[in-house]
Amino acid sequence: MSILQAKNISFQYKKDRMILEDVNFSVNCGERVGLVAKSGYGKSTLAKILAGHLTQTKGTISIDEKAIEKKGFYPVQLIYQHPEKSINPKWKMKRALKENGDIDINLLEILGIKDIWMDRYPNELSGGELQRIAIARSITKDTKFLIADEITAMLDGITQAQIWQALMKIAEENHIGMAIITHNKALAEQICTRIVYLEEINKR
Ligand SMILES: Nc1ncnc2c1ncn2[C@@H]1O[C@H](COP(=O)(O)OP(=O)(O)OP(=O)(O)O)[C@@H](O)[C@H]1O
């Protein structure tokens with residue numbers, strides 16, 4: 001059973017202001033840990049550090065006590081609120097999906113991804129449809145953890161529920177641990193196995 005650990009993480013964008021100070025946070029495989037804090041507090045910053053998109057000023061990120069290799073497919077995948085940020089606008093969906101390996105038909109089915117979307121560009125899909133594609137892209141045989149950063153914040157209730165149901169099933173089937181970043185406490189209470197309030201673990 002794998003564990004993703006952030007130990008004594010500090011981070012600042014600019015010298016004069018600490019965003020994170022001495023933060024300890026962990027996610028076990030199979031867990032869905034809600035990371036809750038008010039807007040602008042530093043949730044996305046921690047998400048990016050966990051997924052290797054930003055480097056902490058201090059501290060370590062590890063899986064099973066080992067530092068994560070930066071080369072190759074990164075086992076901690078970040079899904080953003082805005083899926084268009086992670087998908088090349090010049091690529092059709094088939095190519096976007098194939099970038100990380102063979103397309104898994106079962107995964108597409110669970111996510112409700114339709115065949116007719118494959119020959120379309122990102123701007124020819126709705127936000128919810130594109131988010132399903134972004135999720136599918138982030139799940140490979142090497143994905144151990146998912147960091148979901150406000151991934152359904154802009155979607156309607158029905159689409160939100162469908163996406164969370166699919167994601168929970170996928171995470172369970174593939175033994176993936178999830179950190180679910182949200183400012184929505186009610187959503188966190190509904191889908192998470194544990195909730196962490198960033199204000200309580202941040203020493204700044
Ligand atoms: N690239 C950057 N350069 C400088 N400051 C930044 C940068 N990105 C974010 N910040 C600042 O860092 C702080 C934390 O931002 P972050 O995006 O992590 O918050 P958040 O909790 O995810 O907010 P929200 O819920 O509104 O998305 C904010 O004050 C923000 O203005």
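Read the numbers this way: they start at 1 and go in the same order the structure lists the ligands and their atoms.
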ask   = Relative to the heavy atoms of Lys38, which atoms of ligand 1 are at a distance of less than 4.0 Å?
value = 21 (O)
query = Would a distance-only check, ignoring hydrogens and angles, find a side-chain to backbone donor-acceptor pair under 3.5 Å from Glu21 to Met18?
reply = no
ask   = Evaluating non-hydrogen atoms only, which member of Ala153, Ser44, Gly42 is closest to atom 17 (O) of ligand 1?
value = Ser44
query = Are there more than 12 heavy atoms of other residues, nucleotides or ligands under 6.0 Å from atom NZ of Lys70?
reply = yes
key: Greater than 12 external heavy atoms within 6.0 Å of Asn106's CG   = yes
request  = Select one of side chain, backbone, both or neither to describe which atoms of Arg17 lie under 4.0 Å from any atom of ligand 1, heavy atoms only.
outcome  = side chain
key: His53: partners by side-chain contact (heavy atoms from CB on, under 4.5 Å), with sequence neighbours left out   = Lys48, Ala51, Leu78, Tyr80
ask   = Are Arg95 and Tyr121 in a cation-pi contact, defined as NZ or CZ under 6.0 Å from the six-membered ring centre and within 45° of the axis?
value = no
ask   = Do any N or O atoms from the side chain of Gln131 and from the backbone of Ile151 form a donor-acceptor pair under 3.5 angstrom?
value = yes
query = Considering only heavy atoms, which of His183, Lys48, Lys43 lies nearest to atom 25 (O) of ligand 1?
reply = Lys43
request  = Give a yes/no verdict on whether any heavy atom in Gly40 is under 4.0 Å from an atom of ligand 1.
outcome  = yes
inquiry  = Between the side chains of Lys169 and Glu173, is the shortest nitrogen-to-carboxylate-oxygen separation below 4.0 Å, so that they form an ion pair?
reply    = yes
ask   = Which protein non-hydrogen atom lies closest to atom 9 (C) of ligand 1, naming both residue and atom, and how far is it?
value = Tyr13 CE1, 3.5 Å
message = Under 4.0 Å from a heavy atom of Thr45: which atoms of ligand 1 are those, numbered in the order shown and with their elements?
response = 14 (C), 15 (O), 16 (P), 18 (O)
query = Is Ser39 in polar range of ligand 1, meaning some N or O pair under 3.5 Å apart?
reply = yes
remark   = Here the atoms of ligand 1 under 4.0 Å from any heavy atom belonging to Ile19 are 12 (O), 13 (C)
